[in-house]
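Some notes on the structure that comes next.
Keep in mind that the numbers below use all heavy atoms, side chains included, and drop hydrogens, waters and symmetry copies.
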Amino acid sequence: MTNPSILWFRRDLRLTDQAALITAAAEGPVIPVYILDDETPRHRAMGGASRWWLHHSLSALDAALRARGSRLILRRGRSAAELIKLAGEVGATRIHCLRHYEPWWRNAEREVAGALDLIAHDGNYLLPPGSVTSGSGEPYRIYTPFSRSVLQHMPPAGPRPVPDAIPAPTPWPKSDVLADWDLLPTRPNWATGFSQDWTPGEAGAAGRLENLPDIVPGYGEGRNLPSEEGTSRLSPHLHFGEVSPAAVWHAVRGRGEGADIFHKELIWRDYAQTIIATFPDYGRRNGHAKFDKLAWRSDREATAT
């Protein structure tokens, strides 16, 4: 039987429009894995609210995989070391993932690529950071010309569907139990009301997309009015990759001026990540506070969410 490949999930917790999954499933058996890694990001590790969201998003992802005859393997530790260890356990030599551009993830990808065949795909942004340059071939430093250039490449390709089948390995490797990670608050449980307003996971993101036609026509003004439900509330879904930016772009396309404003907010997300990726010394030169502000902006879908 063909050796399995590993599908490495990070902030791309979806099956739809998931290039790494599509390619891996076409090759043969796939072992989807998520590694809870607080070592690689170091002081930028997730906080409590993000861990609450992650717990429910991973649960939803595992359920979606199981509905297609697969499952999610959970491991904890330093990502590169755990991936190399898992590959040895199952006889895998190839790992598929969506490319991430934060410095710590780029370092992890380089380490993995030094030991295994790492196939990194694009899909977390409208365009790969660094792919849009000025007439002189230099990366943009200012948003407005960057935005104009990105618009020349839009719309993005339409979102690709989930593969008809996700081949499973025989046997499955061991997995941690999600509940043992203690991602949910208990004493006190300050997240009691979260589930009333939020539904983590790909299905929750799809529900938000369905509401966009009602929001987008008045988005230019409504997003600035606290008394109105004028924003998409897609930010955490985009942050965890439960929906692709391409899918969001197409969901609002052709809906007038509000759609144009909304599209530019998606481009802001690309811009912030492009600055982080193409100017890696930005944080050291300007202080980590500015770097963190850009990283925060790169996770935002809109001025107000």
(message) Could you check whether any side-chain N or O of His239 sits under 3.5 Å from a backbone N or O of Arg11, counting only pairs where one atom can act as donor and the other as acceptor?
(response) no
(request) Considering non-hydrogen atoms only, spot the tightest contact between Arg208 and Asp197 and give its length. (result) NH2-O, 2.8 Å
(request) Decide yes or no on side-chain contact (heavy atoms from CB on, under 4.5 Å) for Gln18 and His121, but give the supporting numbers first. (result) CA-CA 9 Å; Gln18 171 51 281; His121 306 261; over 6 Å; no
(message) For Pro173 versus Val90, what's the shortest heavy-atom pair and its separation?
(response) CB-CG1, 3.8 Å
(message) Nearest 0.5 angstrom please: Glu109 CD to Leu83 CG, how far?
(response) 10.5 Å
(message) How long is the straight-line distance from CG of Asp122 back to CG of Leu127, given to the nearest 0.5 Å?
(response) 9.0 Å
(message) Quick check on Asp180: does its CG atom have over 12 non-hydrogen neighbours (other residues, nucleotides or ligands) under 6.0 Å away?
(response) yes
(message) Please find the pair of heavy atoms, one from Ile35 and one from Trp8, that lie closest to each other, and give the distance.
(response) CD1-NE1, 4.5 Å
(message) Any non-hydrogen side-chain atom of Leu209 less than 4.5 Å from a side-chain atom of Val248?
(response) yes
(message) Please report the interatomic distance OH(Tyr219) to OG1(Thr231), rounded to the nearest 0.5 Å.
(response) 7.0 Å
(message) Tell me whether Arg10 is salt-bridged to Glu102, with the criterion being a basic N under 4.0 Å from an acidic carboxylate O.
(response) no
(request) For Ser147 and Tyr143, indicate whether the former's side chain and the latter's backbone hold a donor-acceptor pair under 3.5 Å. (result) no
(message) To the closest 0.5 Å, what do you measure between NZ (Lys174) and CG (Leu86)?
(response) 13.0 Å
(request) Over all heavy atoms of both residues, which pair between Pro200 and Ser57 is shortest? Give the atoms and the distance, please. (result) CB-N, 3.9 Å
(message) Would the distance check show the side chain of Arg99 and the main-chain N or O of Ala120 forming a donor-acceptor pair, the cut-off being under 3.5 Å?
(response) yes
(message) For Ser79, is there any backbone N or O sitting under 3.5 Å from a side-chain donor or acceptor partner on Asp37?
(response) yes
(message) Any salt bridge linking Lys264 with Asp260? Criterion: basic side-chain nitrogen under 4.0 Å from a carboxylate oxygen.
(response) no
(request) Please answer whether the main-chain N or O of Lys85 pairs with a side-chain N or O of Arg75 as donor and acceptor at a distance below 3.5 Å. (result) no
(message) Using modelled atom types and a 3.5 Å cut-off, is there a donor and acceptor pairing between side-chain atoms of Glu242 and backbone atoms of Gly201?
(response) yes
(request) Under the side-chain contact (heavy atoms from CB on, under 4.5 Å) rule, what do Leu266 and Leu238 come out as? Steps first, then yes or no, please. (result) CA-CA 10 Å; Leu266 287 175; Leu238 279 165; 4.1 Å; yes
(request) Please tell me if the side chains of Tyr140 and Val132 come closer than 4.5 Å, counting only heavy atoms from C-beta onward. (result) yes
(request) Please work out whether the ring planes of Tyr271 and Trp268 are parallel, tilted or perpendicular, with thresholds of 30° and 60°. (result) perpendicular
(request) Give the minimum heavy-atom separation between Ala45 and Pro41, together with the two atoms involved. (result) N-CB, 4.0 Å
(message) Between Val243 and Asp17, is there a side-chain heavy-atom distance shorter than 4.5 Å?
(response) no
(request) Kindly say whether Phe240 contributes a backbone atom to a donor-acceptor pair with the side chain of Arg14 at under 3.5 angstrom? (result) no
(request) Verify side-chain contact (heavy atoms from CB on, under 4.5 Å) between Arg141 and Thr278, making sure each step is shown before the conclusion. (result) CA-CA 10 Å; Arg141 297 171 182 263; Thr278 55; over 6 Å; no
(message) Please report the interatomic distance CZ(Phe146) to CD1(Ile275), rounded to the nearest 0.5 Å.
(response) 8.0 Å
(message) Among Arg44, Arg78, Arg51, exactly one meets salt bridge (Lys or Arg N to Asp or Glu O under 4.0 Å) together with Asp38. Which residue is that?
(response) Arg51
(request) Kindly determine whether Trp104 and His43 satisfy ring pair (Phe, Tyr, Trp, His ring centres under 6.0 Å), including the steps that lead there. (result) CA-CA 11 Å; Trp104 51 92; His43 66 283; 7.7 Å; no
(request) Give a yes or no answer on whether the side chain of His263 reaches the backbone of Trp249 with a donor-acceptor pair at less than 3.5 Å. (result) yes
(message) So, taking the atom named CG in Leu65 and the one named CZ in Arg71, what distance separates them when rounded to the nearest 0.5 Å?
(response) 10.5 Å
(request) Using modelled atom types only, decide if a donor and an acceptor are shared between the side chain of Ser70 and the backbone of Ala168 within a distance under 3.5 Å. (result) no
(message) Is the ring pair His237/Trp198 parallel, tilted or perpendicular, if the boundaries are 30 and 60 degrees?
(response) tilted
(message) Restricting to non-hydrogen atoms, name the atom on Leu21 and the atom on Pro163 that form the minimum distance, rounded to 0.1 Å.
(response) CD2-CD, 3.9 Å
(message) For a side-chain contact (heavy atoms from CB on, under 4.5 Å) check, start with the C-alpha distance between Leu58 and Trp181, then their side-chain angles and the critical distance, and finish with the verdict.
(response) CA-CA 12 Å; Leu58 291 176; Trp181 283 0; 3.8 Å; yes
(request) Output yes when a side-chain donor or acceptor of Asp62 lies under 3.5 Å from a complementary backbone atom of Leu72, and no otherwise. (result) yes
